[in-house]
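Written below as structure tokens is the structure these notes are about.
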Amino acid sequence: MSTRTAPADTTETEVDELARAAAAAAPAWAALAPTARAAALTAVADALDAARDELVPLAQEETHLPEGRLTGELRRTTFQLRLFADVVTEGAHLDARIDHADPDWPMGAARPDLRRVNEPLGPVLVFAASNFPFAFSVAGGDTASALAAGCPVLLKAHPGHPLLSGRTGEIVVEALRAAGAPDGTFAVLHGVDAGTAALRHPAVKAAAFTGSQHAGRALFDIAASRPEPIPFYGELGSVNPTFVTPAAARERAEEIAGGFVASFTLGVGQFCTKPGILFVPRGSGLAERLAAAELPAGGQMLNERLRAGYVERLGELRSHPSVRVLAEGDDPLGDRPGPTVLATSAEDFRAATAELAGECFGPTALVVEYDDAADLPGLAASLEGQLTATVQGTEGDDVADLVGTLAGRAGRVLWNEWPTGVSVTHAQQHGGPYPATTAPTTTSVGTAAVTRFLRPVAYQNMPEQFLPEALREDNPLGIPRRMDGTLER
């Protein structure tokens with residue numbers, strides 16, 4: 001057991017001091033040479049790796065997650081810090097554009113010298129998530145991408161792992177300071193009131209959140225109602241539907257059933273990309289396979305608040321008149337809930353989509369049996385915005401309409417895979433239409449996440465000495481730029 005004391009809630013006076021310190025640090029952190037900012041991100045990654053033997057047991061104690069899962073998650077966290085360091089050094093995220101003056105510009109008037117570049121928004125408030133105590137928490141993707149953009153970060157710790165949050169925050173602050181970052185570049189806040197006070201603080205220029213739809217929407221409304229509204233990048237929830245075609249059910253029923261069970265029960269069902277609804281052809285035998293499937297043992301959820309919310313939502317689904325229990329593990333409503341597979345028909349699902357299609361955050365999934373594959377695009381269209389949507393099909397299936405409909409509903413569309421793996425890459429998209437997120441044009445995973453915390457600024461006929469380095473004629477940063485319409489590297 002840890003001997004550390006849980007941090008006290010941050011007072012409103014302390015929030016004000018930390019926000020002002022972040023605002024004071026913002027110009028110096030933004031002006032730091034890209035190589036120096038990249039080195040600071042790498043230093044944070046190195047420090048977290050060095051503290052693995054301290055941090056992983058602390059995370060186990062507070063979250064009940066297994067050592068192997070946490071060790072891998074910490075590796076993912078430090079990997080993405082180093083990946084963002086590479087992004088900062090390359091400089092493509094600045095989207096630097098230079099249009100030299102042109103007296104013969106075809107629009108009928110001379111073109112002035114125009115130079116455009118992305119610049120940091122300023123201090124960013126990050127709300128940590130509970131289900132990924134490293135990768136979506138203190139030093140997770142939101143923090144890494146905001147720091148990479150040149151923005152100081154105020155991190156609102158999640159109450160589910162306060163000791164881990166406090167210690168991780170200390171390591172981040174120490175590593176940044178040793179790497180030359182200005183004081184105030186990073187700080188951790190504790191307490192619900194501290195989070196809302198920081199969100200309202202005029203020094204904060206953007207916020208990022210991963211959590212429930214209820215809490216995220218409340219925070220989004222605060223961000224939008226400020227005297228100066230700010231961007232709020234919230235990930236709020238998703239049921240991540242999967243559609244199985246008749247041909248796929250005939251060819252791979254056992255494989256699909258096994259993959260589905262493994263995916264929706266992974267981490268006791270506490271992944272934001274858990275496949276929560278499975279559409280299967282009636283009479284295909286898939287429902288029967290799932291009814292007879294060997295379900296994994298139940299597990300302890302991240303905290304009692306999440307377990308209570310899960311039990312309440314599962315109770316609502318189980319008591320719905322059109323829903324039957326297809327299979328369930330031991331003590332499905334208990335302290336270590338076993339998995340539950342529910343079932344309904346496509347007709348009943350259409351009649352009660354609002355009640356049945358909401359997220360159930362935990363080891364439960366709903367199987368929906370349909371009669372005609374031609375109905376799948378319509379079923380897909382009835383769903384709200386999603387983080388992911390999956391098609392289990394065959395090369396011979398005509399699912400173009402379904403895929404097109406899903407692309408309009410989800411940020412990531414998968415083919416013959418399962419969504420509970422979100423690779424940190426350049427091409428990743430982890431976002432989607434509301435209520436999956438509050439900002440469907442952005443991602444919270446992958447290198448494109450850095451663009452959330454940047455805004456474009458154009459300089460017209462500006463003397464060279466007053467231009468940002470990214471826009472100077474001799475390109476001292478050596479970054480890719482678009483010159484008079486042509487991309488140069």
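Between the side chain of Arg452 and the main chain of Tyr233, no donor-acceptor pair closer than 3.5 Å is present. In this structure, Gln386 contributes its side chain and Asn240 its backbone to a donor-acceptor pair below 3.5 Å. No donor-acceptor pair under 3.5 Å is formed between the side chain of Glu12 and the backbone N or O of Ala197.
Evaluated for a side chain to side chain donor-acceptor pair (under 3.5 Å) with Thr78, the options Asp49, Thr42, Asp46 yield exactly one hit, Asp49.
Using a 4.5 Å cut-off on side-chain heavy atoms (C-beta onward), His100 and Glu473 make contact.
When all heavy atoms of Ala30 and Pro120 are compared, the pair lying nearest together is CB-CG, 3.7 Å. Residue Ala203 comes nearest to Ala19 through the heavy atom pair CB-O, 3.6 Å, listed as atom of the first residue, atom of the second, then distance. Smallest separation of non-hydrogen atoms from Ile256 and Trp418: O-CZ2, 3.4 Å. In this structure, Val450 and Ser145 approach most closely via the heavy-atom pair CG2-O, 3.5 Å.
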Check the pair Leu70 / Gln60 against side-chain contact (heavy atoms from CB on, under 4.5 Å), numbers first and verdict last.
CA-CA 8 Å; Leu70 291 166; Gln60 283 182 272; 3.4 Å; yes
- Between Arg167 and Glu54, does a salt bridge (Lys or Arg N to Asp or Glu O under 4.0 Å) hold up when you go through it step by step? CA-CA 9 Å; Arg167 181 61 186 132; Glu54 175 190 4; 2.7 Å; yes
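Between the side chains of Asp397 and Thr394, a donor-acceptor pair is found at a separation under 3.5 Å. A donor-acceptor contact under 3.5 angstrom links the side chains of Thr420 and Ser263, judged on distance only. For Thr425 and Gln428, the side-chain atoms include no donor-acceptor pair closer than 3.5 Å. No donor-acceptor contact under 3.5 angstrom links the side chains of Glu61 and His161, judged on distance only. Counted by atom type alone, His93 and Asn118 present zero donor-acceptor pairs between their side chains at under 3.5 Å.
A salt bridge does not link Asp86 to Arg82: none of the charged nitrogens lies less than 4.0 Å from a carboxylate oxygen.
Phe220 and Phe209 have their aromatic ring centers separated by at least 6.0 angstrom.
Both the sub-6.0 Å distance and the 45° axial angle are not jointly satisfied by Arg217 relative to the ring of Phe232.
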